[in-house]
Amino acid sequence: MDCVFCQIIKGKIPAQLVYEDDTSVAFLDINPTTPGHTLVMPKAHHANFEEIDEAGLAAVMRAVKKVGQSLKDNLGVAGYNVYENNDPIAGQVIPHIHFHVIPRYPGDGLELWPQGKYESGEAEKILNKIKIN
Ligand code: 5GP
Ligand code: ZN
């Protein structure tokens, strides 16, 4: 397995550990968007949301919550973003599911994605395709 995050988890590549429990780990992103940008992930290798089961996801989200709280408590930030790039088209470079927890500072320059508008009837067509009954 040539996964860089698995190698970090096994201790073969160094990382700056923020949090660890039996199933999850969190370490500083090597190229932070803002200071304190942390990656939180399961220790087990799962590529994406489709591969990880609900219990594994719930465990990682508990770790995300702990990390977010530490950023607020210890960096004094008023908020943070939680991102997960699911698959390469969504910007996922490392196929080991991970959540970016990015502390926000006033004027940090991080812009969210652009927003558009639906054409007439387009939202209903999309909704009919994706609605889960
Ligand atoms: P993705 O685009 O897959 O959602 O995000 C991958 C993230 O992993 C990037 O933000 C990148 O900076 C970070 N990263 C890549 N290689 C390493 C590494 O070896 N160590 C650490 N700490 N972060 C890494
Ligand atoms: Zn992995």
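Remember, it's 1-based here, ligands and their atoms both numbered in the order they're listed.
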Would you check the N or O atoms of [X], main chain and side chain alike, for any that come under 3.5 Å of an N or O of ligand 1?
X	value
F27	no
Q92	no
V4	no

Residues E50 and N86: side-chain donor-acceptor under 3.5 angstrom: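 Yes, N86 and E50 have a side-chain donor paired with an acceptor closer than 3.5 Å.
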Check the side chains of D21 and Y19 for a donor-acceptor pair under 3.5 angstrom, ignoring hydrogens and angles. yes
Could you grab the angle centred on the Zn ion (ligand 2), going from ND1 in H45 to ND1 in H96, to 10°?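 ND1 of H45 and ND1 of H96 make an angle of 110° at the Zn ion (ligand 2), to the nearest 10°.
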Just to confirm my numbers, could you give the angle made at the Zn ion (ligand 2) by SG of C3 and SG of C6, rounded to 10°?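 An angle of 120° at the metal.
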Nearest to [atom], what protein heavy atom do you find, and at what distance?
atom	value
atom 3 (O) of ligand 1	V93 N, 2.8 Å
atom 11 (C) of ligand 1	D29 OD1, 3.4 Å
atom 15 (C) of ligand 1	I94 CD1, 3.5 Å
atom 6 (C) of ligand 1	H98 NE2, 3.5 Å
atom 22 (N) of ligand 1	L28 O, 2.8 Å

Compute the centroid of each ring, for H37 and then for H100, and state whether the two points are separated by less than 6.0 Å.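 Between H37 and H100, the centre distance is under 6.0 Å.
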In this structure, would [X] and [Y] fall into the same cluster of hydrophobic residues linked by side-chain contacts under 4.5 Å?
X	Y	value
L17	V4	yes
V40	Y83	no
L28	F99	yes

Yes or no: does Y83 have any heavy atom under 4.0 Å from an atom of ligand 1? no
Less than 4.0 Å is my threshold; does some heavy atom of G91 fall inside it relative to ligand 1?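 Judged by the 4.0 Å heavy-atom criterion, G91 does count as contacting ligand 1.
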Counting each atom of ligand 1 from 1 as listed, which ones have a heavy atom of [X] under 4.0 Å away?
X	value
N85	1 (P), 2 (O), 4 (O)
H100	1 (P), 4 (O), 5 (O), 7 (C), 10 (O)
N31	12 (O)
I8	20 (N)

Rounded at 0.5 Å granularity, tell me how far OG1 in T38 sits from OH in Y80.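 T38 OG1 to Y80 OH: 11.0 Å, rounded to 0.5 Å.
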Let me confirm one number: the CE-CD distance from M41 to E84, rounded to the nearest 0.5 Å.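 Going from the CE atom of M41 to the CD atom of E84 covers 11.0 Å.
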Heavy-atom pair with the smallest gap, counting every atom of Q92 and A47: NE2-O, 2.9 Å
Tell me which part of F5 gets within contact of ligand 1: side chain, backbone, both or neither, using heavy atoms under 4.0 Å. side chain
From L39, T33, I30 - option closest to atom 17 (C) of ligand 1 by heavy atom: I30
Donor-acceptor pair, distance only, cut-off 3.5 Å: does the side chain of Q69 make one with the backbone of K65?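 No; judged by distance alone, with no hydrogens or angles, the pair does not exist.
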Should the ring pair F5 and H98 be called parallel, tilted or perpendicular, given that the plane angle runs from 0 to 90° and is split at 30 and 60?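 Ring orientation of F5 relative to H98: perpendicular.
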